[in-house]
*Asks:* 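One structure coming up, written as structure tokens, with questions to follow.
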Amino acid sequence: MDEKVYDLLEKLYIEVQEVKANMGTKAELQELGSELQEVKDTMATKAELQELRSELQEVKDTMATKAELQEIKNTMATKEDLELVVEELKTEIQSVYDEVKELRNDFNILEIVTTKSALDIAKLKAVR
């Protein structure tokens, strides 16, 4: 029986040694506690997370959806469309410019005729 007790004590000793080897020292536990505190300090609280969720929801609510962006894209003029409009405007502007030039010419002729008529009227008055 002494031998059985000895075997049991030996097994118990081996298990205690294994437990002892797997256990951390007081310094290791304190270091781990410090690291745990650092992690806790950097983590957000539930209130902070809720606030972030609210802000995220606000951003989502104000952003355009893909469908809305696609609709805008579909209604936008293409470069070719704009170039066509530019060419039409250039033609229209040139036409207006030509008309203004013609009106200036007509105005200058009218001014000359009016001046000549005034001169003729003055001559007629002088002859009388």
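When a residue number appears, it is its place in the shown sequence, counting from 1.
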*Asks:* In the structure I gave you, are the side-chain heavy atoms of Glu83 and Glu87 within less than 4.5 Å of one another anywhere?
*Replies:*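 No, side chains not in contact.
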
*Asks:* Could you report the tightest heavy-atom contact between Ile72 and Thr75, atom names first, then the distance?
*Replies:*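 Heavy atoms only, the tightest pair is O-OG1, 2.9 Å.
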
*Asks:* Measure the CD-OG1 distance between Glu71 and Thr65 for me, rounded to the nearest 0.5 Å.
*Replies:*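 Glu71 atom CD to Thr65 atom OG1 measures 8.5 Å (nearest 0.5 Å).
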
*Asks:* Does a side-chain heavy-atom distance below 4.5 Å link Glu10 with Asp7?
*Replies:*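 When only atoms from C-beta onward are counted, Asp7 and Glu10 do touch, with a gap below 4.5 Å.
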
*Asks:* Side-chain donor-acceptor contacts of residues 97-114 below 3.5 Å, not counting sequence neighbours, with atom names and distances?
*Replies:*
{"residue": "Asp98", "atom": "OD1", "partner": "Gln94", "partner atom": "NE2", "Å": "3.0"}
{"residue": "Asn108", "atom": "ND2", "partner": "Arg104", "partner atom": "O", "Å": "3.4"}
{"residue": "Thr114", "atom": "OG1", "partner": "Leu110", "partner atom": "O", "Å": "2.7"}

*Asks:* Give the minimum heavy-atom separation between Glu68 and Met63, together with the two atoms involved.
*Replies:*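 Minimum heavy-atom separation between Glu68 and Met63: OE1-O, 4.3 Å.
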
*Asks:* Taking the side chain as every heavy atom from C-beta outward, state whether Val86 and Lys90 have any pair of such atoms under 4.5 Å apart.
*Replies:*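 Side-chain contact under 4.5 Å: yes.
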
*Asks:* Could you check whether Lys116 pairs with Asp120 (Lys NZ or Arg NE/NH1/NH2 to Asp/Glu carboxylate O, under 4.0 Å)?
*Replies:*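 Looking at Asp120 together with Lys116, the answer is yes, because their closest N to O distance falls below 4.0 Å.
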
*Asks:* For Gln37, look at atom CD and say whether over 12 heavy atoms of other residues, nucleotides or ligands are found less than 6.0 Å away.
*Replies:*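 Yes.
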
*Asks:* Taking the side chain as C-beta and beyond, is there a heavy-atom pair between Leu89 and Val85 under 4.5 Å?
*Replies:*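 The answer is yes; the side chains approach within 4.5 Å.
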
*Asks:* Looking at CG of Leu56 and CG of Leu49, how far apart are the two atoms once the value is rounded to the nearest 0.5 Å?
*Replies:*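 Result: 12.0 Å between the selected atoms.
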
*Asks:* Where do Val39 and Thr42 come nearest, in terms of heavy atoms and distance?
*Replies:*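 For Val39 versus Thr42, the nearest heavy atoms are O-OG1, 2.9 Å.
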
